Amino acid sequence: NKHEYIKSVFELMTHCTSNMFVVMRGHDEIPNDITVKNDIDILLAGQHSLPLISKELQNNGFKMHIDQHRYMYGAEPHIQFMHEGIDVKLDMVTGLYYRSVVDKMLWMPVNKEVYQSMFRNRVYCKDEIWKFRPAYEDKLVHIVCHCIFDKRNTPDKYVKRINELLPLVDESKVNYLLERAFYKASDIVFETMKNNPENLHNAYITVTEY
């Protein structure tokens with residue numbers, strides 16, 4: 001069944017990557033709400049494990065697709081593995097890359113400290129299917145970046161997650177990461193995240209001094 005299949009995929013991931021991966025968001029949706037349209041986002045520590053991952057997943061019925069968007073400043077393509085039979089898609093990235101504010105087809109990396117924090121502070125969840133999740137601070141900052149740059153709005157499910165995470169985080173750590181991700185716009189992003197998260201994108205693009 002789907003539960004056991006997804007579980008076996010993460011066991012394969014731990015083997016192929018030597019535990020060097022993080023499932024970035026949507027843990028509450030794994031495995032029951034995962035579909036091809038609601039995929040699993042996985043951050044890898046570089047490309048070195050991809051050949052083995054690709055071989056093993058394709059041997060287990062997945063089809064690989066590499067997107068044809070444009071990338072700058074060291075950003076690398078998203079690599080997707082889809083299994084239509086069990087209605088599962090894995091979206092793998094080798095770094096924290098987000099869409100350009102001015103061009104949705106152009107991807108760029110976030111500040112390296114934000115990426116490094118995601119790996120350095122990840123949490124091992126021994127009894128969970130996904131094995132590794134981000135620390136709450138890293139997860140919150142990633143959701144904010146994802147909503148501002150990729151979604152260009154804050155869907156209801158992300159408003160809910162932001163509000164769930166806020167009481168759990170160290171705000172000083174979140175502020176530090178937001179400063180690295182958004183520079184001069186970080187203050188307004190921080191305040192909007194706390195008080196009006198559905199307006200994150202609009203608040204960000206109105207900061208003229210950024």
Side-chain angles (χ1 to χ4, degrees), residues 21-29 38-45 67 69-80 91-123 132-166 168-207 209-210:
F21 71 94
V22 185
V23 179
M24 291 191 285
R25 60 180 184 271
H27 306 89
D28 56 324
E29 298 176 332
N38 187 33
D39 55 16
I40 301 173
D41 295 296
I42 300 174
L43 175 64
L44 304 173
D67 70 49
H69 298 172
R70 292 178 291 116
Y71 293 84
M72 291 183 64
Y73 308 122
E76 297 174 327
H78 287 235
I79 299 149
Q80 298 170 345
D91 189 354
M92 298 188 190
V93 289
T94 57
L96 284 180
Y97 312 133
Y98 300 103
R99 294 179 188 270
S100 164
V101 173
V102 297
D103 185 349
K104 291 189 74 173
M105 299 300 288
L106 177 64
W107 295 77
M108 295 181 287
V110 74
N111 182 286
K112 283 186 177 180
E113 285 190 66
V114 181
Y115 165 74
Q116 290 165 351
S117 180
M118 179 79 79
F119 264 103
R120 183 174 61 249
N121 299 310
R122 67 200 175 116
V123 178
F132 295 96
R133 68 161 175 82
Y136 292 135
E137 292 82 6
D138 297 302
K139 183 177 180 180
L140 180 58
V141 170
H142 171 59
I143 288 173
V144 170
C145 291
H146 183 56
C147 290
I148 290 175
F149 296 123
D150 301 341
K151 294 291 187 183
R152 304 191 181 198
N153 67 83
T154 312
D156 290 344
K157 73 174 185 178
Y158 289 128
V159 171
K160 179 181 177 183
R161 287 180 186 166
I162 288 169
N163 289 330
E164 289 171 348
L165 287 167
L166 281 170
L168 304 176
V169 299
D170 180 330
E171 289 192 1
S172 65
K173 292 180 180 179
V174 171
N175 237 328
Y176 180 86
L177 293 169
L178 289 176
E179 287 172 0
R180 271 107 195 111
F182 295 100
Y183 303 95
K184 291 181 179 179
S186 63
D187 286 345
I188 194 168
V189 168
F190 181 78
E191 291 304 318
T192 306
M193 173 190 70
K194 290 181 64 177
N195 301 311
N196 190 21
E198 60 272 13
N199 199 42
L200 275 166
H201 179 257
N202 289 338
Y204 173 73
I205 63 175
T206 58
V207 182
E209 61 266 56
Y210 174 65

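Since the model is a prediction, treat every value here as computed from it, not as a measurement.
Inter-residue side-chain proximity for R161 and P155 is flagged as unmet; no heavy-atom pair is nearer than 4.5 Å. When side chains are defined from C-beta on, I42 counts as touching M92, because their heavy atoms get closer than 4.5 Å. Y158 has its side chain out of reach of L200: every pair of non-hydrogen atoms, C-beta onward, lies at least 4.5 Å apart. Between V207 and F182, every side-chain heavy-atom pair lies at or beyond the 4.5 Å cut-off. Residues L178 and V141 meet the side-chain proximity criterion, which asks for heavy atoms closer than 4.5 Å. Using a 4.5 Å heavy-atom threshold, the side chains of Y97 and E76 count as touching. Counting only heavy atoms from C-beta outward, the side chains of L96 and M24 approach each other to under 4.5 Å.
When only modelled atom types and interatomic distance are considered, H78 and D67 share no side-chain donor-acceptor pair under 3.5 Å. Judged purely by distance below 3.5 Å, without hydrogens or angles, the side chains of Y176 and E137 never pair a donor atom with an acceptor atom. Checked by atom type, the side-chain pair D138/S117 shows a donor-acceptor distance below 3.5 Å.
K157 meets the salt bridge (charged side-chain N to carboxylate O under 4.0 Å, His left out) test with E29; sequence neighbours excluded.
Closest non-hydrogen pair, V114 versus L177, comes out as CG2-O, 3.8 Å. The heavy-atom pair separating P109 from M72 by the smallest distance is CD-O, 3.2 Å. Summarising the geometry of P134 relative to K139, their closest heavy-atom pair is CB-N, 3.9 Å, with the distance given to 0.1 Å. Minimum interatomic distance between D170 and S172 (heavy atoms only, all atoms of both residues): OD1-OG, 2.5 Å.
For T154 (side chain) and P197 (main-chain N/O), a donor-acceptor pair under 3.5 Å exists by modelled atom type. At least one donor-acceptor pair closer than 3.5 Å links the side chain of T206 to the backbone N or O of A203. With hydrogens and angles disregarded, a donor-acceptor distance shorter than 3.5 Å links the side chain of N163 to the backbone of V159.
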Requested in this report: Under the side-chain hydrogen bond (donor to acceptor under 3.5 Å, both in side chains) rule, what do Y98 and H142 come out as? Steps first, then yes or no, please.
Outcome: CA-CA 10 Å; Y98 300 103; H142 171 59; 2.6 Å; yes
Query raised in the report: Can Y183 and N111 be said to form a side chain to side chain contact (heavy atoms under 4.5 Å, CB included), step by step?
Result: CA-CA 10 Å; Y183 303 95; N111 182 286; 3.8 Å; yes
Report task. Please step through side chain to side chain contact (heavy atoms under 4.5 Å, CB included) for the pair F149 and V110, ending with a clear verdict. Result -> CA-CA 11 Å; F149 296 123; V110 74; 5.9 Å; no
Query raised in the report: How far apart are the C-alpha atoms of R70 and L106, what are their side-chain angles, what is the distance that settles it, and do they pass the side chain to side chain contact (heavy atoms under 4.5 Å, CB included) test?
Result: CA-CA 5 Å; R70 292 178 291 116; L106 177 64; 4.0 Å; yes
**Report entry** Worked verdict on L166 versus M193 for side chain to side chain contact (heavy atoms under 4.5 Å, CB included)
**Finding:** CA-CA 9 Å; L166 281 170; M193 173 190 70; 3.9 Å; yes
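Atom-to-atom distance recorded for N202:CG and E198:CD is 10.5 Å, nearest 0.5 angstrom. Separation of atoms CG (L165) and CZ (R25) is listed at 13.0 Å; rounding is to 0.5 Å. Distance NE2/H146 to CZ/R99: 9.0 Å, rounded to 0.5 Å. Going from atom CD of Q80 over to atom CD1 of I40 covers 13.0 Å, rounded to the nearest 0.5 Å. Here CZ of F132 is found 4.5 Å from CZ of R122. Values are rounded to the nearest 0.5 Å. Within the model, atoms OG1 of T94 and CD1 of I79 stand 6.5 Å from one another, a figure rounded to the nearest 0.5 Å.
Counting heavy-atom neighbours within 6.0 Å of D156 CG, excluding the residue itself, gives a total of 12 or less.
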